[in-house]
Q: 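Dropping the structure in here first, questions after.
Whatever order the structure lists ligands and atoms in, that order sets their numbers, starting from 1.
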Amino acid sequence: MFGPTERALGLHRVLEPAGALPQAALRLDAGPEIGPDEVRIAVDRLNLDAASFRQLAESCAGDGAAVRAAVLDIVATRGKMQNPVTGSGGMLIGVVDAVGADSPLGLVPGQRVATLVSLTLTPLRITDGLSRWDGRSEQVPAQGTAVLFARSIAAVLPDDLPDEVSLALLDVCGAPAATARVVERTGARSVTVLGAAGKSGSLSLAAARRAGATRLTGLVRTEAEAAALTAAGLADRVVVADATDPLAVAAAVAEPADLTVVCVDAPGAEHGAILATAEGGTVVFFSMATSFPAAALGAEGMAADVTMLIGNGYTPGHAALALELYRSVPGVRALIDPRVTE
Ligand code: NAP
């Protein structure tokens, strides 16, 4: 039997291995019957995190039906959507379906919400075979149920934005919040963002500017992204390089920054990020494709005195900040909208 503290973390839903927290568990009980401290969500749409979707698409050679089958298999096997290769998940939106009498989340049946806890720890059941999804987009129309614990968090969806936009923003809202926090706490003035024209990248640039950074560099992979980022006006300087090529990153960035934020969705960006950061500076690894050994041993091997932070998906106020940046900074909208509606 689990007490309220363990239940609040979802331990009672762990099937294997015993004693693991839901995020680390191999399998969860995703049954739709809820306990008194839980909330059931009727799922509308999943947002697979970018690193997970890229890995699935590449491993299935772009075959959408195979990607759909892989996601269905993961959820059926694990009781949650956690990519076994990247370890990452995403989040979801849906309608509050049932609220246990003791749930502290303050949710009410009928509310449209986004879960702000990762799919990697959210009990999830899919009931429509993902029949409305072609396997070619990060956003997945889906029917089924998800369960929130007492320590989960969820945000009521704003009614002034399309659901697809809110879902995309809330999935990556930890990145601008982490960027703003580091700029405010360290007084960083120069900031480089790798993967700057993406969702988390564009929001991070806008957050850095808002927090007081004055020299912003956006690194992108292609000339087309460079043109889009330049037009969006979020960076003072736009440079083109492959973030997985450390020497190319260092050469493109040229002047190391006080803060580097890694927002690419592909593995191998650790060493370039370290080289692009000034002595005594900070690297935020928001990318879920980051390797801890590559970052730690790479910094040691280069005798680089940098503080390296794992991009925590949660910072107080993170959802409100991301939504506000989207509403108020036209360049953020210009970069994010085409990615969401494609
Ligand atoms: P996104 O919108 O797809 O943006 C990623 C950007 O990186 C794209 O512009 C992409 O360019 C670019 N990129 C990929 N490989 C590159 C390379 N080798 N060199 C230069 N640029 C490259 O992704 P997102 O939704 O912002 O997510 C970014 C990362 O954050 C992912 O790894 C995701 O898993 C992670 N994430 C973390 C958390 C957390 O809590 N820490 C939460 C959500 C997501 P193309 O478009 O040309 O490929």
Q: Do me a favour and list the nearest non-hydrogen protein atom to atom 11 (O) of ligand 1 with residue, atom name and distance?
A: E225 OE2, 3.3 Å

Q: Identify the closest protein heavy atom to atom 34 (O) of ligand 1: which residue and atom is it, and at what distance?
A: D49 OD2, 2.1 Å

Q: Any side-chain heavy atom of L148 within less than 4.5 Å of one from V117?
A: yes

Q: Could you tell me whether some N/O pair between R339 and ligand 1 is separated by less than 3.5 angstrom?
A: yes

Q: Is there a polar contact, in the sense of an N or O pair closer than 3.5 Å, between S200 and ligand 1?
A: yes

Q: Tell me which protein heavy atom sits closest to atom 30 (O) of ligand 1, plus the residue, atom name and distance to 0.1 Å.
A: F286 CD2, 3.3 Å

Q: Can you figure out which of A50, C263, G195, A197 has its heavy atom closest to atom 5 (C) of ligand 1?
A: C263

Q: Just need the protein heavy atom nearest to atom 43 (C) of ligand 1, so name the residue and atom and give the distance.
A: D171 O, 3.2 Å

Q: Which residue pairs pass the salt bridge (Lys or Arg N to Asp or Glu O under 4.0 Å) test with at least one member in residues 188-200, sequence neighbours excluded?
A: E138-K199

Q: Ligand 1 versus A241, non-hydrogen atoms closer than 4.0 Å: side chain, backbone, both, neither?
A: backbone

Q: Go through ligand 1 atom by atom and flag the ones less than 4.0 Å from a non-hydrogen atom of A243.
A: 17 (C), 18 (N), 19 (N), 20 (C)

Q: Measure the distance from atom 14 (C) of ligand 1 to every protein heavy atom, then report the residue, atom name and distance (to 0.1 Å) of the closest one.
A: D265 OD1, 3.1 Å

Q: Could you list which atoms of ligand 1 come closer than 4.0 Å to a heavy atom of G311?
A: 39 (C), 40 (O), 41 (N)

Q: Around atom 22 (C) of ligand 1, find the nearest protein heavy atom and jot down its residue, atom name and distance.
A: V264 CG1, 3.6 Å

Q: Looking only at protein heavy atoms, which one is nearest to atom 4 (O) of ligand 1, and what is the separation?
A: G198 CA, 3.4 Å

